[in-house]
There are 2 protein chains.
Amino acid sequence: MNKKQLQSEQTKKRVAEAARTLFAQKGYTATSIEDIVAATGSSKGNIYYHYQNKEGLFLYLLDEWDREWKEQWAEKEQLYSTIEEKLVGFAEHLVVNDLNHPLTKATDEFIYSEWKRSDVQEEVANYLSNHVQMNQRMLQQAMDAGELKTTDAWTLGFILEGLLMGLGEMSKRSPNYDTTLNIYRQAIHVFLHGTVLHKPSDQALAQGIGSQ
Amino acid sequence: MNKKQLQSEQTKKRVAEAARTLFAQKGYTATSIEDIVAATGSSKGNIYYHYQNKEGLFLYLLDEWDREWKEQWAEKEQLYSTIEEKLVGFAEHLVVNDLNHPLTKATDEFIYSEWKRSDVQEEVANYLSNHVQMNQRMLQQAMDAGELKTTDAWTLGFILEGLLMGLGEMSKRSPNYDTTLNIYRQAIHVFLHGTVLHKPSDQALAQGIGSQ
DNA sequence: ATGTATACCGAACGTTCAGTATGTAAGAAT
DNA sequence: ATTCTTACATACTGAACGTTCGGTATACAT
């Protein structure tokens, strides 16, 4: 690694970090290249030297994020044994690493602003599909272990993903950390144990015993 | 009502309808006032005569949508008796009236593109809060009727809203109607009955009876 | 018949912003 | 010592778009 190459790499990172901060603060569209120029002291031409374009710069940041996210969860996952622990841990991981990540909102904005472009749509679909499959594996394991009712694991994975994504969507608006964490935990509980009241009489009747 | 006023109202509606179609097809940002001009044959000045600005025009469309949605659900709700029927009906209503509504994506785009503006954020928060409260009432009724376990109805309403919103978010990408409807129904089932396998031994032990 | 408010037109403006063309200096290669 | 390449700077382009505004036509009231 040359002295020159080293310098170059550093400036590239400097740009990336400044961009991340700005995207987080102002959003994707509202952050202009000029803003990044002003924040880095670097020049416009230089940014276009290091990154293909504005979108490329943003996608670079998303890649970094995804990589880190996966690494961290892979480490954490091993710590849990039962499906309940695992799901709660997963929910917590989401709250900590996604909900509070600076780029969540900017990413949503980016996706929806470019929502017509098929390549973006494809990538999002891919990302979701991966997540659903991840959930599916997790749930299937639990089914095989006799922890969960045996049903279609893919559908269940889809529902779990929907639940967590929806909670995220809602929680982005109200930034109370403890409440959010609590809601996520309760949501996992609902996912596992449901909400209907099993009247003693019902169970008893089903088992051929008198009520009460 | 004058002949002139009538004409005026008609053109206003003509603009609204053309705008709705265009917003649905191209999204909010990508639809220019010029596009609407071209589609209506009306002029730019005329559009600004009838509506405050581009945003005002869009919000007008959202208002219409919301009004219709509420009316239709109010009618439907009376038809159900148990909470299970009601929730399934609710889910179906969402799939039919929201997921397939032309403005869903454009609305998301609009919200995220204007996500910095506090008034927009407030309105969204309001909208969500209303929905959660709606769910809360529904669930509280079911709790009072002994259909559901008695817990915090607000949290449960929040979770339900999250679940449905997340499923919507996911289903927007895969437009298979039947699959979507099926997933929603199963999601309601999970919400009500959970996913864990109640081993017979567990229940039996809890009740002090031998297994099987 | 005439004044007036309403409905509508369309050219022009001002601004924003991603992207490019061109220049240059310093380090690396020969 | 020279040439070449890399890394960065400056100035500029061109297009898009929301909004404004001076003006016109039409229906209605008096």
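Values below: all heavy atoms of this structure, side chains included; hydrogens, waters and symmetry mates excluded. First the proteins, then the strands, lettered A, B, ... as listed; each starts at 1. Keep in mind it's a predicted model, so treat the numbers as computed, not measured.
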Outer limits of DNA chain C sitting under 4.0 Å from a non-hydrogen atom of chain A, read 5' to 3', are C:dA18 to C:dA28

From CD1 of A:I33 across to P of D:dT10 the rounded distance in Å is 17 Å

Please indicate whether A:E75 has more than 12 foreign heavy atoms, meaning atoms of other residues, nucleotides or ligands, lying under 6.0 Å from its CD. no

Within residues 42-57 of chain B, the residues having a heavy atom closer than 4.0 Å to DNA chain C are B:S42, B:S43, B:K44, B:G45, B:N46, B:Y49, B:H50

Sequence neighbours excluded, the answer for ring-ring contact (aromatic ring centres under 6.0 Å, His included) partners of A:Y51 is A:Y60

note: A:Q7, atom CD; D:dC8, atom C1'; distance rounded to Å ~ 10 Å

Residue pairs passing the ring pair (Phe, Tyr, Trp, His ring centres under 6.0 Å) test with at least one member in residues 132-155 of chain B, sequence neighbours excluded, are B:W154-B:F158

Comparing nearest nucleotides in DNA chain D, the 5'-proximal residue of the pair B:T29, B:Q5 is B:T29

Inset, instruction - Check whether more than 12 heavy atoms from other residues, nucleotides or ligands sit under 6.0 Å from atom NZ of A:K26, and answer yes or no. - result: yes

Test item: A:E85 side-chain N/O and A:S81 main-chain N/O as donor-acceptor pair under 3.5 Å = yes

Which part of the nucleic acid does A:T31 contact within heavy-atom distance under 4.0 Å: base, sugar-phosphate only, or nothing? sugar-phosphate

Check whether A:Y28 forms a cation-pi arrangement with A:K54 (NZ or CZ under 6.0 Å from the six-membered ring centre, at most 45° off the ring normal). yes

Angle separating the five-pair end axes of the helix from C:dA1-D:dT30 to C:dT30-D:dA1, nearest 10°, is 10°

Practice prompt. Ignoring hydrogens and angles, state whether a donor on the side chain of A:E109 or A:T29 is under 3.5 Å from an acceptor on the partner side chain.
Written response: yes

Examine distances only and state if a side-chain atom of A:T104 and a backbone atom of A:N100 form a donor-acceptor pair shorter than 3.5 Å. no

Exercise for the section: Taking atom CD of A:Q7 as the centre, report whether more than 12 heavy atoms of other residues, nucleotides or ligands fall under 6.0 Å from it. Expected result: no

(message) I'd like to know whether the aromatic ring centres of B:W69 and B:H131 sit less than 6.0 Å apart in this structure.
(response) yes

Between NZ of A:K12 and P of D:dC8 the distance, given in whole Å, is 11 Å

Residue set satisfying ring-ring contact (aromatic ring centres under 6.0 Å, His included) with B:W115, at least two apart, ordered chain then number -> none

Looking only at D:dC8, D:dA7, D:dT26, the nucleotide nearest the A:T11 side chain is D:dC8

